[in-house]
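For reference, the structure is listed below as structure tokens.
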Amino acid sequence: MTPAEQSVRTRAICAMAPVVPVLVIDELVHAGPLATALVAGGLPVLEVTLRTPCALDAIHIMAEVPGGVVGAGTLLTPADVRAAKAAGATFGVSPGATDRLLDACAEHDLPLLAGAATASEIMALLERGYTAMKFFPAEQSGGAAFLKSIGSPIPQAGFCPTGGISLKNARDYLSLPNILCVGGSWVAPKDAMARGDWAAVTALAAEARSLR
Ligand code: 3PG
């Protein structure tokens, strides 16, 4: 899959909802009910970070939840790409981009939201054919003000910013023309997950869904 084809796919995925939950799953038993709760609240696109031992198994389970579109986050290496694909991820997300990572996504047909946080990084991804990118860590890298500014000289790059985004500031990003969607962990709080309070997760998802 060429980078341009990947970007068509990731743009379509980002267009499905204003917010992509960024999920850190510690307990495999949470995977199914968490995905069901988020989809029920109107957030079908889910990013499972490969930061916990059960993350790949969680992707496998969540990919079976009707209506869900499950991706793997924190892809750092070609091995991560292969593992994500084998687990059933339909897209990948990375905080940055390396040639080896981009080559692996092309080889294994995994649409990637590669990360960029400077003008040169954005230009390097555009040069390779990517027009949809992650912007991370969003708040620490200049936030909505940076993305508004970069949209003037480089309007062809579209972003999914993540890192430090919540209900309080999500609209600052979503009101910009170069924002595809935002990502954030606030819709799946650790305490609600630990309690198994899936109704609370659905309520947070519905609130996030109404942002756009
Ligand atoms: C991450 O990679 O942890 C995401 O960007 C989520 O960040 P957040 O917890 O600040 O929403």
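The residues of the chain are indexed from 1 along the displayed sequence. Just so we're clear, the structure is a prediction, and the values are computed from it rather than from any experiment. In each ligand, atom 1 is the first atom listed, and ligand 1 is the first ligand listed.
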Check your understanding: Is the side chain of Thr52 donor-acceptor paired with the backbone N or O of Ile25 at a distance under 3.5 Å, no angle test?
Key ->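 The answer is yes, because a donor-acceptor pair under 3.5 Å joins these two groups.
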Check your understanding: Is the backbone of Pro161 close enough, under 3.5 Å, to the side chain of Lys134 for a donor and an acceptor to pair up by distance?
Key ->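 Between the backbone of Pro161 and the side chain of Lys134 there is no qualifying donor-acceptor contact (under 3.5 Å).
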Point to revise | Distance-only N or O hit between ligand 1 and Trp186, under 3.5 Å | key: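 No, Trp186 has no N/O under 3.5 Å of an N/O on ligand 1.
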**Study point:** All pairs passing side chain to side chain donor-acceptor pair (under 3.5 Å) where residues 175-194 contributes a residue, at least two apart
**Key:**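 Every side chain to side chain donor-acceptor pair (under 3.5 Å) pair that includes a residue of residues 175-194, provided the two are not neighbours, is Asp26-Lys190.
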Under 4.0 Å from a heavy atom of [X]: give me the atoms of ligand 1 that qualify, with their elements.
X	value
Thr162	4 (C), 5 (O)
Phe136	2 (O), 5 (O)
Gly184	11 (O)
Gly163	5 (O), 7 (O), 10 (O)

Exercise for review: Give the residue and atom name of whichever protein heavy atom lies nearest to atom 10 (O) of ligand 1, and the separation in Å to one decimal.
Suggested key: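 Answer, as residue, atom name and distance: Gly164 N, 2.7 Å.
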Review point. What's the shortest distance from atom 11 (O) of ligand 1 to any protein heavy atom, and which residue and atom give it?
Key: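 Checking every protein heavy atom, the shortest distance to atom 11 (O) of ligand 1 gives Ser185 N, 2.9 Å.
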Could you pull out all donor-acceptor pairs under 3.5 Å where a side-chain atom in residues 146-158 meets a protein atom, sequence neighbours excluded?
residue: Ser149; atom: OG; partner: Ala145; partner atom: O; Å: 3.0

Step through the shown structure and confirm whether more than 12 heavy atoms of other residues, nucleotides or ligands are within 6.0 Å of [atom1] on [X].
X	atom1	answer
Arg212	CZ	yes
Met123	CE	no
His60	NE2	no

Practice item. Classify the contact between Val22 and ligand 1 as side chain, backbone, both or neither, using a heavy-atom distance cut-off of under 4.0 Å. Key: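 The part of Val22 near ligand 1 is the side chain, not the backbone.
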Review point. If you measure from each non-hydrogen atom of Arg51 to ligand 1, which part falls under 4.0 Å: side chain, backbone, both or neither?
Key: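 Arg51 to ligand 1: side-chain contact only, backbone stays beyond 4.0 Å.
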